[in-house]
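Quick note on labels: first sequence line is chain A, next is B, and so on, each numbered from 1.
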Amino acid sequence: MNILELPVLDRAFYLRPTLEIAPDLLGKILVSTEGPGLVAGRIVEVEAYHQDGDRAAHSYRGRTKRNEIMFREGGILYVYFTYGMHFCMNVVTEKEGVGAAVLIRAVEPLAGLDVIRKRRPAARRDEDLTNGPAKVCQAYAVNRRHNGLCLLEGPITIRRDDGDEKGKIVASPRIGIRDSVELPWRFFLAGNPFVGKAKPAARGRSG
DNA sequence: CAGTCGATGTACT
DNA sequence: GTACATCGACTGG
């Protein structure tokens, strides 16, 4: 299979409701043609974020300089910096003016393993290369320069592999948030070894 | 294997 | 000042 011959997801894919898009992204191929060589991986874990009723979403309190990309027309990347050292990568969804996106939490590496291993020296096993949102950004060398990048033009694209059997999709609470934990807006492929471990989100600081 | 905790920059209060 | 859509080193079993 030549990954670069797979069809790129079109604009219509990204203009649907975010809670439909999130599970639909599972099994799709995240591709980068930047840098020393092709890097590609199958999306196996995502989380949806939406301005409406989701207090964990960056867009919940309205448009700001930081989250402005989330409100644009779907089909672009929203990349943010967090915890003083990490980037996370989201797919912006829905029409212009709606603040919504899907966080890419984990992929299963398919191509460019040599490049990924160089970018992820801390990973001792291949399962640890891309099983977290900041790890995916390291593997793809994604940073603030990619904020707003068009996924229809690249160099980062998401493609459809029609022969792919994705298996069972599971919904669960999202990871690492404190607000709106009751929303089951994390989606992953059951049993896939590249899905991150679901550690409890609760963190207390006062104790 | 699981649990704990420090690192570190930025947006927002 | 504080919280943060995290990671990896470290500990104990």
Side-chain angles (χ1 to χ4, degrees), chain A residues 18-19 21-23 25-26 30 41 43-72 74 76-94 98-107 109 116-149 158 170-188 191 193-207:
Chain A
T18 302
L19 288 178
I21 295 172
L25 280 170
L26 298 175
L30 179 66
I43 298 172
V44 298
E45 181 185 1
V46 299
E47 284 176 2
Y49 288 86
H50 202 286
Q51 64 178 65
D52 294 334
D54 176 11
R55 297 186 306 283
H58 290 169
S59 52
Y60 180 65
R61 289 169 183 82
R63 203 162 181 159
T64 67
K65 180 170 185 182
R66 178 208 198 186
N67 65 27
E68 182 268 327
I69 296 289
M70 275 184 88
F71 289 83
R72 294 203 198 169
I76 63 177
L77 275 186
Y78 167 52
V79 180
Y80 68 89
F81 183 69
T82 191
Y83 289 106
M85 61 190 84
H86 296 304
F87 294 99
C88 293
M89 171 184 191
N90 300 253
V91 171
V92 175
T93 57
E94 305 197 31
V98 177
V102 177
L103 173 70
I104 307 296
R105 284 200 65 91
V107 308
I116 294 174
R117 289 192 189 104
K118 262 184 206 150
R119 290 171 174 166
R120 296 271 310 122
R124 323 246 247 121
R125 314 170 304 152
D126 279 357
E127 288 78 11
D128 296 323
L129 287 171
T130 51
N131 61 347
K135 298 178 187 177
V136 173
C137 283
Q138 287 177 29
Y140 283 78
V142 161
N143 54 55
R144 43 165 103 346
R145 290 183 303 108
H146 298 83
N147 195 26
L149 183 136
I158 301 179
V170 182
S172 83
R174 293 171 295 180
I175 308 295
I177 58 170
R178 306 180 49 124
D179 294 328
S180 295
V181 291
E182 70 281 2
L183 299 176
W185 287 3
R186 169 180 179 242
F187 303 92
F188 60 95
F194 294 89
V195 172
K197 283 195 281 190
K199 290 176 66 173
R203 261 192 306 272
R205 188 163 275 275
S206 61

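For the pair Asn131(A) (side chain) and Ala106(A) (backbone), a donor-acceptor distance under 3.5 Å is absent. In this structure a side-chain-to-backbone donor-acceptor pair under 3.5 Å is present from Ser180(A) to Arg55(A). Under a 3.5 Å cut-off, the side chain of Asn147(A) and the backbone N or O of Ile69(A) do not form any donor-acceptor pair.
Side-chain N/O atoms of Arg61(A) include none lying less than 4.0 angstrom from OP1 or OP2 on dA11(B).
Salt bridge absent: Asp179(A) and Arg174(A) never bring a charged side-chain N and a carboxylate O closer than 4.0 Å. Remark: Arg120(A) does not engage Asp128(A) in a salt bridge, criterion side-chain N to carboxylate O under 4.0 Å.
Rounded to an integer number of Å, the gap from CZ of Arg174(A) to P of dA5(C) is 10 Å. In this structure, the NE2 atom of His86(A) is 11 Å from the C1' atom of dC4(C), given to the nearest Å. To the nearest angstrom, P of dA5(C) lies 9 Å from CG of Asp179(A). Nucleotide dG8(C) holds its P atom 14 Å from the OH atom of Tyr83(A), rounded to whole Å. Phe81(A) has its CZ atom 7 Å from the C1' atom of dT10(B), to the nearest Å. Between Tyr49(A) atom OH and dC4(C) atom P there is a gap of 12 Å when expressed in whole angstrom units. Whole-Å rounding puts the Arg125(A) CZ to dG8(C) C1' distance at 13 Å. Between the P atom of dA3(C) and the CZ atom of Arg55(A) lies a distance of 17 Å, rounded to the nearest Å.
Across dG6(B) and dT2(C), the matching P atoms stand 16 Å from one another, rounded to whole Å.
Take Tyr49(A) and apply the side-chain hydrogen bond (donor to acceptor under 3.5 Å, both in side chains) test, not counting sequence neighbours, and it matches Glu47(A). Asn90(A) pairs by the side-chain hydrogen bond (donor to acceptor under 3.5 Å, both in side chains) definition with nothing, not counting sequence neighbours. Shown here are the side-chain hydrogen bond (donor to acceptor under 3.5 Å, both in side chains) partners of Thr18(A), two or more places apart in sequence or in another chain: Thr93(A), Glu94(A).
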For DNA chain C, the dot-bracket notation using Watson-Crick and G-U wobble pairs below 3.5 Å, [ ] for pseudoknot-type crossings and | for other-strand pairs, is ||||.|||||||.

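In the set dA7(B), dA2(B), dA5(C), the nucleotide with an atom closest to the side chain of Lys197(A) is dA2(B). Distance from the side chain of Arg178(A) is smallest for dC4(C) among the nucleotides dA5(C), dC7(C), dC4(C).
Annotation: cation-pi pair Arg105(A)/Phe188(A) absent, no NZ/CZ under 6.0 Å from the ring centroid and within 45° of its normal.
Among the atoms of the strands shown, base atoms are found under 4.0 Å from some heavy atom of Ala56(A).
In the region residues 62-72 of chain A, proximity to DNA chain B at under 4.0 angstrom, judged on heavy atoms, holds for Thr64(A), Arg66(A). Listed by residue number, Arg144(A) are the residues of residues 128-148 of chain A with a heavy-atom contact under 4.0 Å to DNA chain B.
Taking 4.5 Å as the limit, some side-chain heavy atom of Tyr140(A) sits within range of a side-chain heavy atom of Val107(A). Residues Val142(A) and Val136(A) have side chains not in contact (no heavy-atom distance under 4.5 Å, counting atoms from C-beta outward).
Here Arg66(A) contributes atom CZ and His58(A) contributes atom NE2; the two are 4.0 Å apart, rounded to the nearest 0.5 Å.
The base of dA5(C) lies close enough to the side chain of Tyr80(A) for a donor and an acceptor atom to sit less than 3.5 Å apart.
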